[in-house]
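Notes to accompany the following structure.
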Amino acid sequence: MTAPSTPPAGQPESQTAKQQDRRTDGIILPGHRVQLARTEPLHLDCGVELSDFTTAYQTYGTLNADRSNAILVCHALTGDQFAAEPHPITGKNGWWDMMIGPGKTLDTERYFVICANILGGCMGTAGPREINPATGRPWSLDFPVITIGDMVRAQALLLDHLEIEKLFAVTGGSMGGMQVLEWASLFPERVFAAMPIACAVRHSSQNIALHEVGRQAIMADPDWCGGDYLNQGKRPHRGLAVARMAAHISYLSEKAMHRKFGRRLQNRRSVTYGFDADFQVESYLRHQGITFVDRFDANSYLYVTRAMDYFDLAEKHGGVVANAFRDTPVRFCIISFTSDWLFPTEENREIVHALNAVAANVSFAEIESDGGHDSFLLDKPEFRRVLGGFLNGAAQHRGLPT
Amino acid sequence: MMKEPDRKSIRVDLQVIADLIKPGSRVLDVGCGNGVLLDYLAQFKQVDGRGIELSSEGVNACVSAGLSVIQGDADTDLKDYPDQAFDYVVLSQTLQAMVAPRAVLEHLLRIGRRAIISFPNFGHWRVRLHLALKGRMPVSDTLPYQWYETPNIHFCTIKDFAVLCEELDITIERGQSLARAGAARRIGSTLAWANLFGEQAVYLLRK
């Protein structure tokens with residue numbers, strides 16, 4: 001297990017240590033904090049200007065002398081900055097613990113890995129759960145609607161703060177992959193290699209529909225209080241749990257789910273002719289829902305799902321995705337998984353086609369896995385081999401010591 | 001030019017192809033397999049190489065080795081590339097497995113300033129003899145598949161290929177036939193000879 005490193009020498013310590021974040025639930029989150037956009041506001045896509053906002057982030061490994069070995073890891077919808085260390089709330093391993101660490105694919109003996117909580121998130125970075133400095137109360141639905149582009153521009157400010165001009169690599173799966181694509185599109189000169197995993201150039205209609213089910217579940221919970229639950233001492237736990245249950249189904253595959261649960265019954269010999277969790281799969285989903293609410297904020301869930309829904313690289317570039325990457329100097333590696341039906345290989349391949357259309361340097365591999373969309377969070381040796389091989393090749397081209 | 005030290009040993013037709021490629025150029029290898037040619041070109045010719053490969057095993061091996069290769073199908077994916085994006089587009093021992101070889105050939109010469117094609121010659125005397133005497137589709141170590149399981153669905157002879165190039169107004173810059181022993185021989189006015197004794201052919205083409 002890698003201990004979170006201290007900021008590298010020469011890096012402003014800023015607010016990292018002094019500003020511990022005591023959350024409304026009393027938990028104190030460890031890790032780095034920084035106030036960004038203090039002198040100039042961040043112009044959000046929705047038109048609002050956001051200034052002096054907090055970003056919470058973690059780093060692993062050491063930044064080298066010429067500041068050229070940084071890898072930004074972008075987390076997915078309900079992920080957070082605790083990518084490679086025990087989670088401060090759940091105590092579980094970091095969501096990419098198998099990928100980040102000494103001798104691992106993102107080798108912290110070679111690379112300086114950064115993972116920041118996204119804008120609109122709920123683990124320390126500015127979002128609807130945080131205090132609005134103007135009112136002294138939680139932002140709730142007054143928080144501006146955030147896009148993937150906003151998240152990326154906020155991350156760019158973090159890099160400015162860390163005095164990293166150019167990332168060696170940026171990577172992430174699912175919504176993290178969308179951020180990777182946005183990074184390559186918005187700041188091609190600041191990215192050497194980009195590895196978007198299990199994502200797409202736009203959020204599909206089916207995926208928007210699934211998100212809407214989740215949002216409706218939250219908003220249908222009376223404890224949501226029109227979004228104002230934080231001020232009214234309530235939590236829409238039931239709605240958020242249902243949202244998570246629905247979403248969780250979409251992260252798995254039919255085959256894996258059937259293998260894991262089949263039609264087996266939960267601690268009983270026969271069905272009860274009632275609506276208890278008769279089946280193991282029901283019990284499993286309920287557990288997923290119940291544990292999720294301990295670590296995630298319902299309003300934040302509305303915001304981040306919305307950010308994904310709004311993502312459409314083509315729309316921003318005259319209807320042609322390829323325009324997002326014209327003359328790109330970035331080396332790309334796109335990875336999809338065979339059983340992913342949320343971001344199927346065909347949608348990942350659209351990224352490849354767009355990159356081919358501008359003759360970009362691109363690799364693309366489809367990894368055999370029955371783990372569904374969540375395959376990128378699973379320990380798949382072939383996945384690690386491909387990603388690691390690409391990264392090694394890129395490091396050679398970048399002139400990083402191997 | 002001096003021979004590079006520590007030359008790796010690669011398949012003879014790949015060596016002939018590699019020798020046609022100028023150092024430092026941009027190369028797309030269509031059907032790059034496990035990346036032997038791309039790896040060789042990167043190491044000894046400093047090319048900026050890319051590949052397309054149908055099989056996942058091939059792709060994963062290539063990407064794991066740091067080569068820029070995508071999983072894709074030449075029959076459907078070549079249309080995405082812009083005109084003249086590469087100095088050379090290579091298609092080695094793959095033309096005969098294409099659904100639409102003619103369309104693929106046209107794409108190769110659109111995407112690349114030059115195309116390098118190698119293919120097995122179905123006009124080779126052994127093939128002809130096998131068919132004439134045994135009356136069955138030839139199976140040999142170079143063409144090891146039975147007719148019902150072969151991926152090679154569009155065999156041609158060297159003569160057939162030359163005729164297609166003429167029809168498509170393609171300029172043959174250099175044609176070489178490779179005998180069984182691997183000796184490369186220039187195909188000039190000796191087309192009939194090459195078509196009988198060349199086991200495979202390597203062509204350097206431009207539009």
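Residue numbers start from 1 in every chain, and the chains themselves are labelled A, B, ... in the order their sequence lines are given, proteins ahead of strands.
Among the candidates A:Ser363, A:Gly389, A:Ala354, the residue making the largest number of heavy-atom pairs closer than 4.5 Å to chain B is A:Ser363. Comparing A:Val352, A:Leu387, A:Val362 by heavy-atom pairs within less than 4.5 Å of chain B, the highest count is held by A:Val362. Between chain A and the options B:Ile111, B:Leu28, B:Asp77, B:Ile52, heavy-atom pairs under 4.5 Å are most frequent for B:Asp77.
Using the six-membered ring where Trp is involved, A:Phe168 and A:Phe192 have ring planes that are parallel, under 30° apart on the 30 and 60° scheme. The aromatic rings of A:His373 and A:Tyr251 lie tilted to each other, with the angle between the two planes from 30° to 60°.
Here B:Leu205 contributes atom CG and B:Leu105 contributes atom CG; the two are 6.5 Å apart, rounded to the nearest 0.5 Å.
When heavy atoms are compared at a cutoff of 4.5 Å, B:Val69 approaches chain A solely by way of its backbone atoms N, CA, C and O. In this structure, chain B has heavy atoms under 4.5 Å from both the backbone and the side chain of A:Val386. For chain B, the nearby part of A:Ala360 is the backbone; its heavy atoms alone come within less than 4.5 Å. Interface remark: A:Leu355 contributes no atoms to any contact with chain B (heavy atom separation under 4.5 Å). Heavy-atom distances place both the backbone and the side chain of A:Asn361 under 4.5 Å from chain B. Residue contact with chain A, scored on non-hydrogen atoms closer than 4.5 Å, involves the backbone and the side chain of B:Ser68 alike.
Using a 4.5 Å cut-off between non-hydrogen atoms, the part of residues 324-335 of chain A that approaches chain B consists of A:Arg331, A:Cys333.
The backbone N or O of A:Ala359 lies less than 3.5 Å from no partner atom in the side chain of A:Asn356, so there is not a single donor-acceptor pair. Looking only at distances, no side-chain donor or acceptor of B:Gln146 sits under 3.5 Å from a matching main-chain atom of B:Tyr148.
Side-chain contact check for A:Phe376 versus A:Ser174: some heavy-atom pair is nearer than 4.5 Å. B:Ile17 places none of its side-chain heavy atoms less than 4.5 Å from the side chain of B:Tyr88.
Using a 4.0 Å cut-off between charged side-chain N and carboxylate O, A:Glu182 and A:Lys316 make a salt bridge.
The cationic group of B:Arg26 lies under 6.0 Å from the six-membered ring centre of B:Phe86 and within 45° of the ring axis, placing it in a cation-pi geometry.
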Checklist line | Test side chain to side chain donor-acceptor pair (under 3.5 Å) applied to B:Gln176 and B:Tyr203, step by step | finding: CA-CA 6 Å; B:Gln176 288 165 277; B:Tyr203 275 92; over 6 Å; no
